[in-house]
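Data first, discussion second: the structure below is written as structure tokens.
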Amino acid sequence: NVAVAGSFLISSCLLSLRLGLKLETAVIVAAIRCSVQLTILAGILKPVLETDNPLIIFGMGLFQLLLSFGEIMYIRASKVHRHMIWTVAISNTASVLVIIFLGNQFSLRTSPWYAPREFVPIFGMITGNAMTSVAVTMNTFLQMVVDRKDMIEMYLSYGASGWECLQPIVVHSLGMGLLPSINQMAITGLVTIPGGLLTGQLLAGADPYNATRYQQIIMFMMNSACTLACVMTAMFASVILIDDHCRLRVDLISKSNKLPSFKDL
């Protein structure tokens with residue numbers, strides 16, 4: 001019963017009040033949002049999963065992508081650069097679609113590769129993970145560029161190329177962005193049993209070996225999409241921030257126009 005499980009959140013609110021965390025409003029709002037969003041999602045998914053119309057299926061994927069772009073730009077990003085919304089859109093869309101096509105077509109062997117019962121949930125999982133990795137990568141990259149502005153400009157004045165100056169920053173940023181995805185793969189099956197597909201299949205009575213093989217495919221697809229999206233986004237940023245005259249354009253970096261958080265309510 002959802003109401004019984006929801007009552008568990010009372011302890012979170014009481015602890016927040018007792019310790020002065022001021023998170024009780026955030027917990028309540030997040031719980032309400034979770035319930036409303038999942039209920040709406042169920043209503044949307046039912047006709048989507050029952051259709052074979054590619055326009056409806058890809059429309060659902062586009063909706064998920066747009067939400068992820070907004071999440072990166074207005075909630076998770078502390079800094080943004082000019083045209084970042086377009087670089088994020090191109091990187092995430094290309095990486096997610098390429099990996100899902102290859103994975104569904106040649107590994108899961110769904111027919112067609114955009115069959116809704118496989119495409120929609122996998123698309124959501126991969127998009128969410130890519131979103132998180134890209135946000136961490138870009139936050140790290142842009143902050144390091146700002147912090148090391150003087151050093152980068154000195155190297156450029158001595159004749160170093162833009163890539164020579166930014167390569168260490170790109171490498172470090174990619175390492176930070178991809179670390180959660182790599183750690184998730186490393187502990188899956190040993191420390192954690194992934195929710196969603198694996199747990200859902202086991203609860204539905206599926207064979208554990210088939211369920212775990214399915215989960216392995218999904219994990220590998222998610223890591224590949226995260227890597228591709230992060231690399232593309234970091235490369236785009238490197239090209240934008242070093243102009244044709246080998247000048248560092250820190251003026252193209254600005255603070256993100258964040259949306260109000262739950263703490264502001």
Side-chain angles (χ1 to χ4, degrees), residues 65-99 102 126-187 219-259 261:
L65 281 171
L66 291 176
L67 289 179
S68 73
F69 302 157
E71 178 83 11
I72 292 173
M73 295 297 298
Y74 301 110
I75 297 179
R76 304 206 177 192
S78 57
K79 287 182 172 59
V80 297
H81 63 75
R82 186 176 298 178
H83 309 309
M84 182 167 157
I85 183 63
W86 299 112
T87 62
V88 167
I90 293 171
S91 302
N92 279 27
T93 303
S95 60
V96 171
L97 286 177
V98 168
I99 296 301
L102 295 175
I126 293 179
T127 299
N129 279 268
M131 172 191 71
T132 301
S133 294
V134 167
V136 173
T137 298
M138 291 312 300
N139 279 340
T140 305
F141 178 85
L142 294 177
Q143 186 61 54
M144 290 185 70
V145 168
V146 172
D147 292 342
R148 301 186 181 187
K149 172 180 175 293
D150 293 338
M151 183 181 69
I152 295 172
E153 290 180 337
M154 181 184 68
Y155 287 159
L156 290 172
S157 68
Y158 287 156
S161 66
W163 174 244
E164 289 174 331
C165 295
L166 294 181
Q167 183 183 10
I169 296 177
V170 170
V171 170
H172 179 75
S173 302
L174 291 175
M176 295 295 293
L178 296 174
L179 186 61
S181 176
I182 296 172
N183 285 341
Q184 186 180 7
M185 280 198 304
I187 65 174
M219 295 297 294
F220 298 157
M221 290 171 64
M222 286 193 297
N223 182 262
S224 299
C226 290
T227 302
L228 187 57
C230 290
V231 169
M232 290 179 64
T233 310
M235 291 302 178
F236 279 133
S238 300
V239 172
I240 290 172
L241 295 179
I242 302 291
D243 64 17
D244 296 336
H245 301 288
C246 286
R247 295 177 300 183
L248 178 64
R249 300 295 305 274
V250 180
D251 57 300
L252 300 182
I253 301 175
S254 60
K255 288 186 177 181
S256 173
N257 296 319
K258 286 184 173 292
L259 297 177
S261 65

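Just so you know, these numbers come straight off a predicted model, no measurement behind them.
- Within 6.0 Å of CE on M176 lie no more than 12 heavy atoms contributed by other residues, nucleotides or ligands.
- Here the straight-line distance linking atom SG of C226 with atom CG of L179 works out to 12.0 Å at 0.5 Å rounding.
- Side-chain contact between I242 and C165 is absent, with no heavy-atom pair separated by less than 4.5 Å.
- A donor-acceptor distance shorter than 3.5 angstrom exists from the side chain of E164 to the backbone of S161, with no hydrogens or angles considered.
- In this structure, the side chains of N139 and K79 stay at 4.5 Å or more apart for every pair of heavy atoms.
- Contact annotation: the side chain of T93 approaches that of F69 to within less than 4.5 Å [non-hydrogen atoms, C-beta and beyond].
- Note that the NE2 atom of H81 and the OG atom of S256 stand 12.0 Å from one another [nearest 0.5 Å].
- Between the side chain of T87 and the backbone N or O of M84, at least one donor-acceptor pair lies under 3.5 Å.
- Environment of CH2 in W163: crowded, with over 12 heavy atoms of neighbouring residues, nucleotides or ligands closer than 6.0 Å.
- Looking at every heavy atom in both residues, T137 comes nearest to A234 through CG2-CB, 4.5 Å.
- Pairing each heavy atom of L156 with each of C246, the nearest pair is CD1-O, 3.5 Å.
- Between E153 and D150 the shortest side-chain heavy-atom distance falls below 4.5 Å.
- The CG atom of L66 lies 10.5 Å from the OG1 atom of T127; values are rounded to the nearest 0.5 Å.
- Here OG of S68 is found 6.5 Å from CE of M131. Values are rounded to the nearest 0.5 Å.
- Within the 4.5 Å cutoff, no side-chain heavy atoms of H83 are placed close to those of L252.
- The shortest distance between side-chain heavy atoms of L241 and F141 falls below 4.5 Å.
- S95 places a side-chain N or O within 3.5 Å of a backbone atom of N92 that can act as its donor or acceptor partner.
- Across all their heavy atoms, K255 and V80 have their closest contact at O-CG2, 4.3 Å.
- Looking at C230 and L178, their side chains come closer than 4.5 Å, going by heavy atoms from C-beta outward.
- The OG1 atom of T227 sits 12.0 Å away from the CE atom of M222 when rounded to the nearest 0.5 Å.
- The two residues R249 and D243 have their closest heavy-atom pair at CD-OD2, 3.6 Å.
- Atom CG of residue L248 and atom OG of residue S157 lie 11.5 Å apart, to the nearest 0.5 angstrom.
- When every heavy atom of R82 is checked against every heavy atom of I240, the shortest pair comes out as O-CD1, 3.8 Å.
- Smallest separation of non-hydrogen atoms from V170 and S238: CG2-OG, 3.5 Å.
- Looking at heavy atoms from C-beta onward, T132 lies in side-chain contact with R76 at the 4.5 angstrom threshold.
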